[in-house]
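Encoded as structure tokens, the structure appears first; notes follow it.
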Amino acid sequence: MPHISLRSLNVTYRDRRALRDITVDVPDAQITTIIGPSGCGKTSLLKSLNRLIDLSEEARVEGEVLIDGVNIYHPKADIIALRRKVGFLSQKPYPLPMSIYDNVTYGPRMHRMNREQIFQQIAELEKDRSLGRLCPESTRLTARTRRGGEMDLLVECYLRVAGLWDEVKDRLHDPATGLSVGQQQRLALARTLAVEPEVILADEPTSALDPISAKLIEEEFQFLKKKYTIVFVTHILRQARRIGDYVIFLYLGELVEHGPAQQVFTSPRDEKTRAYVAGDIS
Ligand SMILES: Nc1ncnc2c1ncn2[C@@H]1O[C@H](COP(=O)(O)OP(=O)(O)O)[C@@H](O)[C@H]1O
Ligand SMILES: [Mg+2]
């Protein structure tokens, strides 16, 4: 599981500094939450971790982000490989303008995964979950015998993982844009997981959702942390308490405090953290 280290990370939009000199290690095999009031730089920090920040033309990044010791800002870094390894779930889901089915297969198709690689990936997915088989025997049989059957298997397995299968199994070829926002976000999760990333970045992924979808997503993250390094941005303190093992507190673009969630929430070292977790500042 990859280890992420930030070294003197600075992000500036034109002449406005959004993040100042952030140096911190993100522990693996845990959920790290990034908390802090709106505008303090949470999204900028998250997007710096897989270079999605490059898409904001005005943004300038200085410093280093090391993933397994390799600086992702090195001029020769492979950005396509990076974005596959480090998946991103945004605040609002943006389904691709295609069917539910094609949304899930999009990543594997783009990465030109072949039939055997897909069967292999599904076998590993099931092993990790130790739930036995995710899909019933009937899906499995047709997967092996029919052309394109591996994609059917992939779609069913990841939609089951994302808790969406039962709601969409009868309309897989309908446009994804017809789903509710909560369903779209679970589809986005299925799409992110389908390329088997090693790190998952999530930017307030439940903030636009109904409570039931939000709970499904939260529960799924509890499960995912066994396998992935997770960085989860939230401005909801109760959510950070529920799911976070480790906390990074940002305030006005600076890293104020970081540490195990228990310590940061119950005995913060910094006065600003204390005020924030007590609800005195927001
Ligand atoms: N694309 C952008 N162009 C200019 N300023 C931006 C851009 N994105 C974010 N900012 C500014 O950077 C600061 C941090 O924003 P952001 O990282 O989105 O914070 P948060 O996610 O905590 O709300 C804010 O002042 C915001 O206005
Ligand atoms: Mg944000």
Side-chain angles (χ1 to χ4, degrees), residues 4-24 26 31-65 72-73 79 82-83 86-94 181-182 184-185 188-189 192 199-209 213-214 217-218 221 229-244 246-259 261 264-265 268 270 272-282:
I4 305 174
S5 304
L6 288 73
R7 295 286 170 264
S8 305
L9 185 77
N10 287 276
V11 174
T12 318
Y13 295 101
R14 286 184 196 274
D15 51 356
R16 207 171 170 288
R17 182 81 60 105
L19 287 173
R20 188 180 298 274
D21 207 24
I22 309 288
T23 294
V24 67
V26 175
I31 298 184
T32 295
T33 53
I34 301 180
I35 60 170
S38 179
C40 69
K42 303 183 294 299
T43 298
S44 303
L45 179 60
L46 206 60
K47 287 188 170 172
S48 303
L49 304 182
N50 74 345
R51 295 193 56 172
L52 268 183
I53 192 108
D54 294 13
L55 305 180
S56 317
E57 281 171 19
E58 348 224 85
R60 208 177 72 239
V61 178
E62 290 162 320
E64 296 188 336
V65 174
I72 65 170
Y73 286 95
I79 298 180
L82 170 70
R83 297 215 182 115
V86 185
F88 192 94
L89 199 59
S90 57
Q91 189 165 3
K92 270 197 236 139
Y94 297 99
V181 179
Q184 287 179 9
Q185 189 65 309
L189 180 63
T192 303
V199 179
I200 300 174
L201 310 174
D203 192 2
E204 308 197 26
T206 66
S207 63
L209 306 189
S213 295
I217 298 262
E218 259 189 35
F221 272 92
T229 298
I230 294 173
V231 187
F232 192 109
V233 164
T234 180
H235 70 269
I236 308 164
L237 282 171
R238 266 176 297 137
Q239 185 173 49
R241 284 178 201 264
R242 274 197 302 275
I243 68 166
Y246 199 84
V247 176
I248 292 174
F249 173 51
L250 296 180
Y251 196 74
L252 301 177
E254 297 195 19
L255 173 66
V256 174
E257 184 156 354
H258 61 97
V264 173
F265 285 121
D270 190 279
K272 284 199 279 294
T273 318
R274 193 207 56 71
Y276 186 69
V277 303
D280 295 341
I281 53 173
S282 59

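Computation of the quantities below employed the complete heavy-atom set of this structure, encompassing side-chain atoms and omitting hydrogens, waters and symmetry-equivalent molecules. We count ligands from 1, going down the list as the structure has it; atoms in each ligand are counted the same way. What you are looking at is a predicted structure, and each value in this text was computed from that prediction instead of being measured.
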Does R51 offer a backbone N or O that forms a donor-acceptor pair with the side chain of R83 under 3.5 Å?
-> yes

Would you say the side chain of T32 lies within less than 4.5 Å of the side chain of T229, judging by non-hydrogen atoms?
-> no

Taking only distance into account, with no hydrogens and no angle test, what donor-acceptor pairs under 3.5 Å do side-chain atoms of residues 237-244 form with protein atoms, sequence neighbours excluded?
from : atom 1 : to   : atom 2 : distance (Å)
Q239 : OE1    : T234 : OG1    : 2.8
Q239 : NE2    : T206 : OG1    : 3.0
Q239 : NE2    : E218 : OE2    : 2.9
R242 : NE     : E218 : OE1    : 2.9
R242 : NE     : E218 : OE2    : 3.4
R242 : NH2    : E218 : OE2    : 2.7

State whether the side chain of D270 and the backbone N or O of E257 hold a donor-acceptor pair below 3.5 Å, judged by distance alone.
-> no

Applying side-chain contact (heavy atoms from CB on, under 4.5 Å) to R7 and not counting sequence neighbours gives S5, T23, D25, E64, L66

Within the 4.0 Å heavy-atom sphere of ligand 1, strictly under, residues | Y13, R16, A18, P37, S38, G39, C40, G41, K42, T43, S44, E58

Sub-4.5 Å side-chain heavy-atom contact between L252 and C40 | no

If you round to the nearest 0.5 Å, how far is CD1 of I281 from CZ of R274?
-> 9.0 Å

For the residue pair F249 and Y276, does the interplanar ring angle fall in the parallel (under 30°), tilted (30 to 60°) or perpendicular (over 60°) class?
-> parallel

For the Mg ion (ligand 2), state how many protein N, O or S atoms fall inside a distance shorter than 2.8 Å.
-> 1

Are L45 and L9 side-chain neighbours, meaning at least one heavy-atom pair lies under 4.5 Å?
-> yes

